[in-house]
Protein chains: 2
Amino acid sequence: MFDELCPSSLNPIRFGDKWAALIVRCLEQGPRRFSELRVPLRRVTPKVLTQSLRSLERGGLVKRTATTEGGPHVEYELTPLGASMIEPLDAACAWAAEHWDELLDARESYDHALVQDTSV
Amino acid sequence: MFDELCPSSLNPIRFGDKWAALIVRCLEQGPRRFSELRVPLRRVTPKVLTQSLRSLERGGLVKRTATTEGGPHVEYELTPLGASMIEPLDAACAWAAEHWDELLDARESYDHALVQDTSV
DNA sequence: CTGTATCCCTATGGATACTG
DNA sequence: CAGTATCCATAGGGATACAG
């Protein structure tokens with residue numbers, strides 16, 4: 001029933017892996033180089049960043065352009081498909097931001113209740 | 001920079017774990033019992049379903065109600081907070097559905113190109 | 001019926017070091 | 001600069017069996 005909504009091998013509802021959404025938001029403002037992406041992403045290790053970028057590239061969301069003149073230079077940018085993802089992604093981020101406090105509060109009171117139960 | 005957007009411990013941008021989004025969509029149409037949820041979710045094992053439900057409950061997105069009269073009977077339903085998540089979730093699903101073919105095509109041609117490179 | 005308990009396997013992601 | 005290579009730790013998810 002939900003097969004077509006969420007094949008685990010291609011799960012856009014989760015917007016890809018841990019860094020995918022963040023990368024897309026970085027590229028939202030224009031092309032970025034490999035090293036330019038590392039900084040805002042909390043110093044993600046190169047291996048992991050490469051993994052995520054390859055995955056986005058594979059899904060046609062990001063385009064990679066390399067030149068070698070004057071040292072290696074690689075730029076990543078959103079494809080039109082990638083750019084089309086920004087709208088739902090922003091909606092999700094806006095929702096999260098709007099309800100952030102509620103989420104944290106719910107969590108805290110749930111955990112608090114658990115402690116009570118356990119101690120009794 | 002992105003800390004407040006995506007703490008890995010509470011990552012609503014990914015709509016929770018593998019089953020969370022699917023569960024929410026099941027509950028969208030009204031309260032469901034534990035066993036009623038197992039069927040549409042491709043026969044997810046009880047352990048995993050319990051895990052996901054607990055996680056949603058902890059986040060204040062789902063409410064659990066249990067009665068014991070005439071055998072165990074437990075119902076899960078969306079809280080207002082959980083219901084508010086449907087909008088961005090639907091947006092994400094709609095995007096995925098709309099661009100599904102493009103995603104698959106991009107993937108296929110990426111993999112195809114890889115094979116070419118490797119064989120050369 | 002609604003879960004727990006146990007075991008297990010893989011995928012994800014990170015640290016560190018090295019290369020073209 | 002833009003990655004690979006290697007090793008490793010953990011968590012997520014699943015199979016199966018059992019319990020209240």
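In what follows, chains carry the letters A, B, and so on, assigned in the order in which the sequence lines appear, proteins first and then strands, with residues in each chain numbered from 1.
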Quiz item: Does B:S35 make a side-chain N or O approach to OP1 or OP2 of C:dT2 shorter than 4.0 Å?
Solution: yes
Quiz prompt | Euclidean distance, atom CG of residue B:D17 to atom P of D:dG12 [Å, nearest integer] | solution = 8 Å
Practice problem: Just report the end-to-end axis angle for the helix from C:dC1-D:dG20 to C:dG20-D:dC1, five pairs per end, to 10 degrees. | Solution: 50°
Quiz item: Where the side chain of B:W95 meets the backbone of A:S84, is there a donor-acceptor pair that is under 3.5 Å apart?
Solution: yes
Practice problem: Give the minimum heavy-atom separation between A:R64 and A:A66, together with the two atoms involved. | Solution: NH1-CB, 4.0 Å
Exercise. Check whether any side-chain nitrogen or oxygen of B:R33 sits under 4.0 Å from OP1 or OP2 of C:dT2, and answer yes or no.
Key: yes
Quiz item: Tell me: CZ of B:F34 to P of C:dT2, nearest whole Å?
Solution: 8 Å
Quiz prompt | Which residues share a salt bridge (Lys or Arg N to Asp or Glu O under 4.0 Å) with B:D105, sequence neighbours left out | solution = none
Quiz item: Are the side chain of B:S109 and the backbone of B:A106 linked by a donor-acceptor contact shorter than 3.5 Å?
Solution: yes
Quiz item: Contact class for A:R64 vs. all strands (heavy atom < 4.0 Å): base, sugar-phosphate, or nothing?
Solution: sugar-phosphate
Self-check item: Whole-Å gap separating C1' (C:dT2) and CG (B:L53)
Solution: 11 Å
Quiz item: With distance as the sole test, does A:S55 use its side chain to make a donor-acceptor pair with the main-chain N or O of A:Q51 at under 3.5 Å?
Solution: no
Quiz item: Taking OP1 and OP2 of D:dT4, is either one under 4.0 Å from a side-chain nitrogen or oxygen of A:R54?
Solution: yes
Quiz item: Crowded around A:E36 CD? As in, over 12 foreign heavy atoms under 6.0 Å?
Solution: yes
Quiz item: Over how many whole Å does the gap from A:E69 atom CD to D:dA2 atom P extend?
Solution: 15 Å
Quiz item: If you look at every strand shown and take non-hydrogen atoms under 4.0 Å, does A:R38 touch a base, only sugar-phosphate, or nothing?
Solution: nothing
Quiz item: Taking protein heavy atoms under 4.0 Å as touching, what does nucleotides 14-20 of chain C look like 5' to 3' if B marks base contact, S marks sugar-phosphate-only contact and - marks none?
Solution: BB----B
Self-check item: Exceeds 12 heavy-atom contacts within 6.0 angstrom, atom CD of A:E77
Solution: yes
Exercise. Report yes if some heavy atom in the side chain of A:V74 is under 4.5 Å from a heavy atom in the side chain of A:T67; otherwise report no.
Key: no
Quiz item: B:L37 has an atom CG; how far is it from atom C1' of C:dC1, in whole Å?
Solution: 13 Å
Quiz item: Is A:S52 reaching over with its side chain to a backbone N or O of A:A20, donor-acceptor style, under 3.5 angstrom?
Solution: no
Exercise. Could you check how far CG of A:L49 sits from C1' of C:dT12, rounded to whole Å?
Key: 15 Å
Quiz item: Roughly, in whole Å, what's the span from CD in B:E57 to P in C:dT2?
Solution: 15 Å
